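In what follows, a single structure is set out as structure tokens and then discussed.
Residue numbers begin at 1 in each chain, while the letters A, B, ... track the order of the sequences. Predicted, not measured: the structure shown is a model, and the values here were computed from it.
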Amino acid sequence: MSDRFLDDLNPPQREAVLHTEGPLLVLAGAGSGKTRVIARRIAHIVANKLAKPSQILAVTFTNKAAEEMRTRVGELVGAVVAKEIMLTTFHSFCVRVLRSHIHHIGYRKDFSISSEGDTRTLVRRILGDLEGARETFSPQLLQAAISLHKNGCEPPPPATKDNKAAEETEAKYKTWLPEFLESYQSALRAANSLDFDDLLVLTLELWRKEPEVLARFQQHYHYVLVDEYQDTNRVQYDLLRALIETRRNLCVVGDDDQSIYGWRGADSSHILAFDRDYPDAHIITLDQNYRSTETILAAANAVIANNAERRAKNLWSTLGKGRPLEWIVTGDEEHEAKAIMQWLTHIREKANAAYNDFAILYRSNLQSRPIEIALRQAGIPYIVVGGQEFYERTEVKDILAYLKIMANTRNETAFLRVVNMPRRGVGDAALHRIHELCMNESLSVWDASLQAMRRGLVAGNAATGLERFRLLVETFRKRFRQPGTSLRAIVAELLDTIAYRAEIGRTCKTPQQFEQRWSNVDAVLRAVETYEKATNAPSLIGFLDENALDNDDDRQSREKRRENAVTLMTIHSAKGLEFPFVFIAGCEEGLIPHERSIRENGLEEERRLFYVALTRARRHATLFEAMSRSRFGRACMTKTSRFLAEIPEHLIHKRVLAARDMVEATVAPPKPKSKPRKKRRPRTP
DNA sequence: AGACCCAGGTTTTTT
DNA sequence: ACCTGGGTCT
């Protein structure tokens, strides 16, 4: 029974591994070996045959975390066994449940997952149909409202500029919103599509309506683990409660100080009140930090101590004092970027560090651009994590729309995107008539398009084009269902059939542009290929699911990080990671704390975010501030983030780089004579 | 139908 | 500053 999985664990960590039966809360401070504990715990269950690997469910929030966990578990029990463990994100887990049981609640098993972009398109379209509200309410506000509504939160009232109109608008919004939400949901349903929130909400609905389906899952999973429990929202919380009701072997791991997803409905009261939900819960606190220097922890502790809503704890470490934090004041964002680049170069040389020892963190994705430019100019290899532009590209959207409609003909967004691409003569007039038929007779676009032709509502060019389109979709739909042929080959054939290369050529002016766009197409083909190689029984739907929930861009950047490159990412996506050297850019009021977030989620969440950023650092943290930053194209003076004042002075060293000669200012005092060379190949996305 | 131009909004964070 | 969408012109 003794096992090697207990070696080199401290007493509370060991306890967390061994306490397998009944509800358990592990309060795991930043860097306290949380992932290690979860991995060991799973390995312990497997090795002692407390359950089969497949009877363990370990849920994380991000794919990154899931992959990390799979690797760590794999190192302990072997990759083959690790594969059997249900180690996944909430959303992927729910997709699996729904793909086999959703017919109980009136959807078809070939449902599409509506991406953020698809959802936006749909919202716009509905907004166009509903008279009156288009000018008042923005699609983006409504998208947020939909999500909050589905997660059982009260959607915020629309932000209005003048107070006088506010009340009026708000009243109008209140009466109008339910109507909108209903239209939205019925449109999705008609398209046999689920948005991200539906994946969770409908799983819960399924379980509530079909207790015997739920019972099967309850029977199946003997042990359930949840990472980052502080990030669970109401629906996830309910799903967990339902799932573990009979066996009650629920282990949740989290840190209330790292709850940074309140804006999408995460509710840290779940972790704060775990022992209320489960009175027999065992609680273990891990507060020894194995990651950071004492100085970094002292700074982070001092900052987070200003929060009132928390389970008080104090991280400690024995890794020595290390160096004080650095606070570098720069002129504007370009100067900041340059200072980051120089400081990075300086540290790298002094500490003989590798590029992937560095992370540059920021509050918002838009901060990455100037930094990218500076790094590229200096020939420093870097990767940017996140920012979803890949999936916003026309070519990618086009191809995926084709694939989506072949997987699920009812997918209206996909239909509308490609029915006339390339041109088939199906114009607005024909589509308008089809749309009316959809509305009047509750048909999907696909069925309506057939009816419209049969009844002669569309004729001539449009009818021929529509017919060709339908035939194309049906032909390839069959091809995709035939087992045996490679997905990639079918997709390539599809592109051939629609002469997509020519279509791109037609709309491109320069050869460079053509190359660029065709390379996007190629990237999709490669993504199909990668998926196919990595999957046992590849299918079109499987590919689309993976792409909706864990896109290829994410996967690639995870791989690239292992190469030697500096990582640029938001603080949110840095959670769970660690780097010897961390730079935090844009430490200014309005950015962190973000002005909008202060309003909507409160200051404390922003402070937690800052805390997360600081605690990513192992050896050293540098905070950058620009005195002026352009907003909407206009340069604005900034104020230092209030969080910097919360760091005790003796822990931080401030440097102000002069305002004018800053372009040539050297951050590192004795500059090595060698100017950065442009020889190294920069990473271009 | 398609190309072009202007106005207006935009910038939080993720599955 | 940049992108999108709508409107207009060809």
Earlier contact from the 5' end, DNA chain B, for R264(A) and N420(A): N420(A)
Sidechain-backbone polar pair: S147(A) side chain, Q143(A) backbone, donor-acceptor under 3.5 Å: no
Residue closer to the 5' end of DNA chain B, L609(A) versus V426(A) (nearest nucleotide): V426(A)
Distance, rounded to the nearest Å, where E546(A) contributes CD and dT15(B) contributes C1': 14 Å
Side chain of L366(A) (C-beta onward), nearest among dT11(B), dT14(B), dT15(B): dT11(B)
side-chain contact (heavy atoms from CB on, under 4.5 Å) involving S364(A) - partner list, sequence neighbours excluded: L366(A), Q367(A)
Sugar-phosphate, base or nothing in reach of Y261(A), heavy atoms under 4.0 Å: sugar-phosphate
Protein-nucleotide distance (R96(A), atom CZ; dT15(B), atom C1'), rounded to Å: 17 Å
Those residues that, when tested against A191(A), pass side-chain contact (heavy atoms from CB on, under 4.5 Å) (two or more places apart): S193(A), E412(A)
F624(A) and Y362(A), any side-chain heavy atoms less than 4.5 Å apart: no
Partner residues of E205(A) under the salt bridge (charged side-chain N to carboxylate O under 4.0 Å, His left out) criterion, sequence neighbours left out: K209(A)
dT13(B) phosphate, OP1 or OP2, under 4.0 Å from N365(A) side-chain N/O: yes
Sugar-phosphate only, base, or nothing, as touched by S573(A) at under 4.0 Å among non-hydrogen atoms: sugar-phosphate
E334(A) backbone acceptor or donor facing D332(A) side chain under 3.5 Å: yes
Pairing residues for E605(A) by the salt bridge (charged side-chain N to carboxylate O under 4.0 Å, His left out) criterion, not counting sequence neighbours: R608(A)
Touch class at under 4.0 angstrom, heavy-atom based, for R631(A) against every strand present: nothing
Nearest-angstrom distance from the residue atom CD of E503(A) to P of dA1(B): 14 Å
Listed nucleotide nearest any side-chain atom of T62(A), set dT13(B), dA1(B), dT15(B): dT15(B)
When you compare the protein's N or O atoms with those of nucleotides 1-5 of chain C, which come within less than 3.5 Å of each other, and at what distance?
unit_1: dG5(C); atom_1: OP1; unit_2: R124(A); atom_2: NH1; d: 2.8

Residue list, side-chain contact (heavy atoms from CB on, under 4.5 Å) with L544(A), at least two apart or on another chain: L400(A), L403(A), K404(A), A407(A), L540(A)
Ring centroids of W263(A) and dT13(B) base under 5.5 Å with planes under 30°: yes
Whole angstrom value for the distance that separates P of dT15(B) from NZ of K150(A): 18 Å
Touch class at under 4.0 angstrom, heavy-atom based, for S92(A) against every strand present: nothing
Interatomic distance, R608(A) CZ vs dT13(B) C1' [rounded to whole Å]: 13 Å
Separation of dT13(B) C1' from Q258(A) CD (nearest whole Å): 15 Å
Whole-Å distance separating the CD1 atom of I584(A) from the C1' atom of dT13(B): 15 Å
Separation of atom CZ in F90(A) from atom P in dT14(B), rounded to whole Å: 19 Å
